[in-house]
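Reading through the structure tokens given below for one structure.
Numbers here simply count residues along the sequence, with the first being 1.
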Amino acid sequence: MSVAELKERHIAATATVNSLRERLKQRQQLLVDTDMAAYGRSQGRSAISFGSTDLVCCRTLQGHTGKFQDICQVYSLDWTPERNRIVSASQDGRLIVWNALTSQKTHAIKLQCPWVVTCAFAPNGQSVACGGLNSACSIFNLNSQVDRDGNIPVSQILTGHKGYVYSCQYVPDQETRLITSSGDQTCILWDVTTGQRISVFGGEFPSGHTADVLSVSINSSNSNMFVSGSCDTTARLWDTRIASRAVRTYHGHQGDVNTVKFFPDGQRFGTGSNDSTCRLYDMRTGHQLQVYSQQHDGDDNDIPTVTSIAFSISGRLLFAGYSSGACYVWDTLLAEVVLNLGELQNSHEGCISCLDLSSDGSALCTGSWDKKLKIWAFGGQRRVI
């Protein structure tokens, strides 16, 4: 068989697969007769009410500085499991570890490559990881002896990606395992101790992403499962024990999927996209359970993108940061905005680039292009939500 004939057969097979996928999607839609918000209202549920003192800014962390404003923007942050420390990354050449209770810097790690866009704490709080435009992920042991210049040396460099490293996350309760996502359309599971790749997800496999992979989230209920979000507008579920194919692909977004986060019960996950929406998916059925979107006036090019999301411990609240500087608190059940942190006193003055909730759910930290991080504390009974 000639090459031309093979190409024709490949094109025909691809068209058949796409047609079957569309028919399957239509059949699935016939089974989805409602969404969570409509069902919640039919049961007489009402949205959570928030007062002006229920979530307040109690700390502002400032320390990312540089000659040029654009490179000092905070791109990523992560809490330690014990909730008293935060690591943040900007492109000022330093990774900063903060004491969240006192606002003091405990470590300012000088980086060999300043172009970082992601960072993460190890589960034991003793190491931090960061990755960025050098296509590598660097590991730093915070207990390492500093060199003559007072800098913490790199303890491990994970190399193997062929594109920017956009996201990194340690596997819960496993300090020696870490997952990264990259512009080379793959995710990699690493052994941090040896620096070796354990598994590669995507790439040459047909069920992998077809564009840059921007975000990953590992299921805390089952650490073998993780979800990834990509510029191909999809999210994909992976099993670390089966690297050859994605378990499931989730469609619905009309733009890059910038952020993904598992729901607290481990059976659902949320996404945030350039199409200005957040979405909630059921991991097992593949169904989209809810869309969280606001009406926007004006040109489509001006709509704010969703940059980062997090769920409250109960899952009733969804925190979403936007490029406009808004930070909406959504009632996940009724799909209503109950608070906008961007309108509160001491709010950020630029794009909300990252956010994360402390492990006990008592505080939210947001990072922004205004070079600052802010810690928001829940007041009164709101702490337990």
query = Do the ring planes of Phe201 and Phe226 sit parallel (below 30°), tilted (30 to 60°) or perpendicular (above 60°)?
reply = perpendicular

query = Under a 4.5 Å cut-off applied to non-hydrogen side-chain atoms, are Val74 and Ser368 in contact?
reply = no

ask   = If two hydrophobic side chains count as joined below 4.5 Å and joins carry through other members, does Leu280 share a cluster with Ile48?
value = no

message = So does Ser293 get a backbone contact from the side chain of Thr277, meaning a donor-acceptor N/O pair under 3.5 Å?
response = no

key: Test log, rule side chain to side chain contact (heavy atoms under 4.5 Å, CB included), inputs Arg284 and Arg268   = CA-CA 8 Å; Arg284 297 162 297 181; Arg268 285 158 280 273; 4.1 Å; yes

inquiry  = For the backbone of Ala320 and the side chain of Trp330, can you confirm whether one donor and one acceptor N or O come within less than 3.5 Å of each other?
reply    = no

ask   = Going by heavy atoms in the side chains, are Cys137 and Trp190 under 4.5 Å from each other?
value = no

ask   = Within a strict 4.5 Å, meaning less than it, do heavy atoms of the Tyr166 and Ser76 side chains meet?
value = no

task = Take atom OH of Tyr164 as the centre, draw a 6.0 Å sphere, and report whether it contains more than 12 heavy atoms from other residues, nucleotides or ligands.
result = no

message = Under a 3.5 Å distance rule, please check whether Thr332 uses its side chain to pair with a backbone N or O of Leu318 as donor and acceptor.
response = no

request  = Taking the side chain as every heavy atom from C-beta outward, state whether Ile96 and Leu61 have any pair of such atoms under 4.5 Å apart.
outcome  = no

Crowding at CD, Gln112 (>12 non-hydrogen neighbours, <6.0 Å) = no

key: Beyond-backbone contact of Cys130 with Phe140, side-chain heavy atoms, under 4.5 angstrom   = yes

ask   = What's the shortest heavy-atom distance between Ser90 and Val116, and which atoms?
value = O-CG2, 3.0 Å

message = Do Phe262 and Met283 have side chains that approach each other closer than 4.5 Å (heavy atoms only, starting at C-beta)?
response = yes

message = Using the rule given for side-chain hydrogen bond (donor to acceptor under 3.5 Å, both in side chains), can you reason through Ser228 versus Trp238, listing the C-alpha separation, both sets of side-chain angles and the distance that settles it, and then say yes or no?
response = CA-CA 8 Å; Ser228 58; Trp238 303 89; 2.9 Å; yes

ask   = Under the 3.5 angstrom rule, does the side chain of Ser308 hit a backbone N or O of Leu355 as a donor-acceptor pair?
value = yes

Any donor-acceptor pair under 3.5 Å from Asn219 side chain to Gly266 backbone = yes

ask   = With distance as the sole test, does Thr106 use its side chain to make a donor-acceptor pair with the main-chain N or O of Asn99 at under 3.5 Å?
value = no

ask   = Can Leu142 and Ile109 be said to form a side chain to side chain contact (heavy atoms under 4.5 Å, CB included), step by step?
value = CA-CA 9 Å; Leu142 300 179; Ile109 303 171; 3.9 Å; yes

message = I'd like to check Lys371 versus Asp92 (side-chain heavy atoms, cut-off strictly below 4.5 Å). Are they in contact?
response = no

ask   = So does Gln345 have more than 12 non-hydrogen atoms from other groups sitting under 6.0 Å from CD?
value = no

inquiry  = Restricting to non-hydrogen atoms, name the atom on Cys119 and the atom on Asp78 that form the minimum distance, rounded to 0.1 Å.
reply    = O-CB, 4.0 Å

message = Under the criterion salt bridge (Lys or Arg N to Asp or Glu O under 4.0 Å), I'd like the reasoning laid out for Asp275 against Arg279: C-alpha separation, chi angles, the key distance, then a yes or no.
response = CA-CA 11 Å; Asp275 63 13; Arg279 296 168 191 256; 3.7 Å; yes

ask   = What pair of heavy atoms forms the shortest contact from Val257 to Thr234, and how long is it?
value = CG2-O, 3.7 Å

key: Co-membership, hydrophobic cluster, residues Ile198 and Val192, 4.5 Å side-chain   = no

inquiry  = I'd like to know whether Asn346 forms a side chain to side chain contact (heavy atoms under 4.5 Å, CB included) with Thr60, so could you lay out the CA-CA distance, the side-chain angles of the two residues, the decisive distance to 0.1 Å, and finally the verdict.
reply    = CA-CA 9 Å; Asn346 298 323; Thr60 297; 5.5 Å; no

ask   = Quick one: does His64's side chain get under 4.5 Å of Ser88's, heavy atoms only?
value = yes

query = Is a side-chain N or O of Gln290 found less than 3.5 angstrom from the main chain of Asp35, in a donor-acceptor match?
reply = no

inquiry  = How about CD on Glu349, more than 12 heavy atoms from neighbouring residues, nucleotides or ligands closer than 6.0 Å, or not?
reply    = no

remark   = Paired with Asn258, the side-chain hydrogen bond (donor to acceptor under 3.5 Å, both in side chains) test is passed by just one of Thr271, Asn274, Thr305, namely Asn274

query = Would Asp239 and Arg241 satisfy salt bridge (Lys or Arg N to Asp or Glu O under 4.0 Å), going step by step from the backbone distance to the final call?
reply = CA-CA 5 Å; Asp239 188 327; Arg241 297 162 295 187; 2.9 Å; yes

ask   = Given the rule that I, L, V, M, F, W and Y join up when any side-chain heavy atoms are under 4.5 Å apart, are Val128 and Val146 in one cluster?
value = yes

ask   = Are Val306 and Tyr328 connected in the hydrophobic side-chain network, where two residues link if heavy atoms are under 4.5 Å apart?
value = yes

key: Heavy-atom pair of closest approach, residues Ile375 and Cys365   = CG1-SG, 4.2 Å

inquiry  = Strictly distance-based, threshold 3.5 Å: is any side-chain N or O of Ser181 a donor or acceptor partner for the main-chain N or O of Val213?
reply    = yes

message = Tell me if the CG atom of Asp173 is crowded by more than 12 foreign heavy atoms within 6.0 Å.
response = no

request  = Kindly determine whether Thr118 and Thr180 satisfy side chain to side chain contact (heavy atoms under 4.5 Å, CB included), including the steps that lead there.
outcome  = CA-CA 10 Å; Thr118 183; Thr180 56; over 6 Å; no

message = Just checking Arg245: does its CZ atom have more than 12 heavy atoms from other residues, nucleotides or ligands closer to it than 6.0 angstrom?
response = no

message = Looking at every heavy atom in both Asp191 and Leu158, which two are closest together, and how far apart are they?
response = O-CD2, 4.4 Å

inquiry  = Membership question, hydrophobic clusters at under 4.5 Å side-chain separation (ILVMFWY): are Leu357 and Leu339 in the same one?
reply    = yes

request  = Over all heavy atoms of both residues, which pair between Leu178 and Ala129 is shortest? Give the atoms and the distance, please.
outcome  = CD1-CB, 3.7 Å

